[in-house]
Amino acid sequence: MSVKSLCGVLYLLLIAGAGPAFAFACHPDFPLQHGETLSWQGADDAYSVPLPDGRDVWIFGDTLYGPQRQVVGNDPRMTHSSIGISTCDPRTGWHLAYFIKHGPHGQPESFFVPKEPKHWYWAMDGFVARGSLWITLLCIKPAENPDSPAFNFQTCGADLARISNPGDDPQNWKISYSTLVPDGVKAYPSATAFVEGDYAYIFTLYEAGTHPMLLTRIPLSGLDNPAEHLEYLAADGAWKPGLVPEKARQVMRQGATEMSVRYHPELKQWVAILIDPGFLSDKILERTAPSFTGPWTDGTVLYRIPEMLPGPQHDKDNFCYAAKEHPELETDSSFLFTYVCNSLAVPKLVTRTDIYFPRVVTVPIPK
């Protein structure tokens, strides 16, 4: 029986050295903390990156913190990024440690901070290459004309962070930044990333038309200067320097800001997990392709989100997003993915402590 790695290492127990193998599986959860100044009170994103030592790095976005949740007006108490480190052990099970960055005087800070003080980063997907952890960063700034307090943001570019010592305590990470794509391109490589062969591939949402998904890549040898070595998949199928969105191949007709793309050897398919691109959708989709360049299916409904359906978890102000798969926590018979629900009425984050943290779902792989 073939199984994927779990937290980087899936434990195979052999009885007397020749008996059947047993796969040990952990089911992750993300409980809120209470009582401390820097207690983790919920977050979104929840990308996971397996490290070579068997641990997982969890990348969280806008993170609520404090003894309890707090919102003043429409401004929640939060930082724009936090980190989790998880392990899985056959004796003790799942363990997750949260890390909220603290400054020199103990004040909370974001792990990833741009130079422009009025901008912030949403830390996205990551990969390990050349002994470092690399994280795609989507630059965000206040919206010119926000539709609501929950959507007071717009994109302003993409950068790439390098953590040269990912095995250390995240409080001691050495982080450096490189520009990837400047503001104004309207297509920012960040949505999901992976290494295949000699390249890091990054899916890119194009903020025009049907909001299709484009594909970019960086040679691993050029990661220190990603903007100079960035290439995009052009409409004619050739890889070309830079990123010219209007000339790029639309590998998916509609994409998502956050998603996952991972290869499943047992299916001999690439699998994309994402929220249905329709606004306020209740559907999580599975798309498949024989190659990450496509052709991709339009997607089948993998899961219906209970927070968006009539029932006890529903609220008229709910919206859900950030669906993505975590293959290192799966067996070959199931998908394991997370999503996050938020509220259009920001003050509800204080009373609705059943939302705004990663929800974990396991479903059988459709035949």
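Start at 1 with the first residue, then count along the sequence. The basis for the numbers below is simple: all heavy atoms, side chains too, and nothing from hydrogens, waters or symmetry mates. Bear in mind that the values here come from a model prediction, so they are computed numbers and not experimental data.
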query = Between Tyr47 and Lys324, is there a cation-pi geometry (under 6.0 Å to ring centre, at most 45° from the normal)?
reply = yes
Which atom pair, heavy atoms only, marks the closest approach of [X] to [Y]?
X      : Y      : answer
Leu274 : Gly255 : CD1-C, 4.5 Å
Ala191 : Asp125 : O-CB, 4.4 Å
Leu285 : Pro277 : CD1-CD, 4.2 Å
Gly42  : Phe357 : CA-CB, 4.4 Å

Judged by modelled atom types alone, do [X] and [Y] share a side-chain donor-acceptor pair under 3.5 Å?
X      : Y      : result
Ser48  : Glu328 : yes
Asp317 : Ser343 : no
His105 : Gln107 : no
Glu231 : Thr216 : no
Glu325 : His264 : yes
Ser86  : His95  : no
Arg162 : Ser132 : yes
Ser82  : Trp40  : yes

Salt bridge present between Arg130 and Asp224 (N-O < 4.0 angstrom) = yes
If you count heavy atoms of other groups shown closer than 6.0 angstrom to [atom1] of [X], is the number above 12?
X      : atom1 : result
Glu36  : CD    : no
Asp198 : CG    : no
Glu246 : CD    : yes

query = Pick one: which of Tyr188, Tyr121, Tyr177 meets side-chain hydrogen bond (donor to acceptor under 3.5 Å, both in side chains) with Asp159?
reply = Tyr121
query = Checking side-chain hydrogen bond (donor to acceptor under 3.5 Å, both in side chains) against Lys141, which of Asp183, Thr155, Asn152 comes through?
reply = Asp183
message = Apply side chain to side chain contact (heavy atoms under 4.5 Å, CB included) to residues Leu160 and Ile135 and explain how you reach the verdict.
response = CA-CA 6 Å; Leu160 188 66; Ile135 305 294; 6.0 Å; no
Side chain of [X], backbone of [Y]: donor and acceptor closer than 3.5 Å?
X      : Y      : value
Ser221 : Pro219 : no
Gln154 : Glu144 : yes
Ser110 : His80  : yes
Arg77  : Leu64  : no
Glu109 : Lys101 : no
Arg253 : Pro212 : no
His229 : Asn225 : yes
Arg359 : Phe337 : no
Arg287 : Asp298 : yes
Ser81  : Phe112 : yes

task = Could you go through the side chain to side chain contact (heavy atoms under 4.5 Å, CB included) check for Leu280 and Tyr321 one step at a time?
result = CA-CA 9 Å; Leu280 298 180; Tyr321 56 105; over 6 Å; no
Chi angles and distances behind the side chain to side chain contact (heavy atoms under 4.5 Å, CB included) call for Tyr232, Leu214 = CA-CA 8 Å; Tyr232 72 99; Leu214 316 179; over 6 Å; no
Once rounded to the nearest 0.5 Å, what's the spacing between atom [atom1] of [X] and atom [atom2] of [Y]?
X      : Y      : atom1 : atom2 : result
Trp94  : Thr87  : CH2   : OG1   : 8.0 Å
Asp44  : Tyr356 : CG    : OH    : 3.5 Å
Asn318 : Ile305 : CG    : CD1   : 10.0 Å
Lys283 : Leu309 : NZ    : CG    : 8.5 Å
Arg262 : Ile273 : CZ    : CD1   : 11.0 Å
Ile275 : Ile284 : CD1   : CD1   : 4.5 Å

request  = Start with the C-alpha gap between Ile202 and Thr192, add the side-chain angles, then the distance that decides, and say whether side chain to side chain contact (heavy atoms under 4.5 Å, CB included) holds.
outcome  = CA-CA 6 Å; Ile202 310 174; Thr192 186; over 6 Å; no
Do [X] and [Y] sit in the same hydrophobic cluster, where Ile, Leu, Val, Met, Phe, Trp and Tyr count as joined when their side-chain heavy atoms come under 4.5 Å apart?
X      : Y      : answer
Trp120 : Val346 : yes
Ile175 : Met124 : yes
Val113 : Trp134 : no

request  = Begin with the C-alpha distance, continue with both residues' side-chain angles, and end with the deciding distance and a verdict on ring-ring contact (aromatic ring centres under 6.0 Å, His included) for Phe111 and Phe99.
outcome  = CA-CA 9 Å; Phe111 268 90; Phe99 295 87; 7.5 Å; no
Just say parallel, tilted or perpendicular for the rings of [X] and [Y], cut-offs at 30° and 60°.
X      : Y      : result
Phe60  : Phe30  : perpendicular
Phe151 : Phe153 : tilted
Phe203 : Phe194 : tilted
Tyr201 : Tyr199 : tilted

Note, Met259 side chain near Met252 side chain (heavy atom, < 4.5 Å) = yes
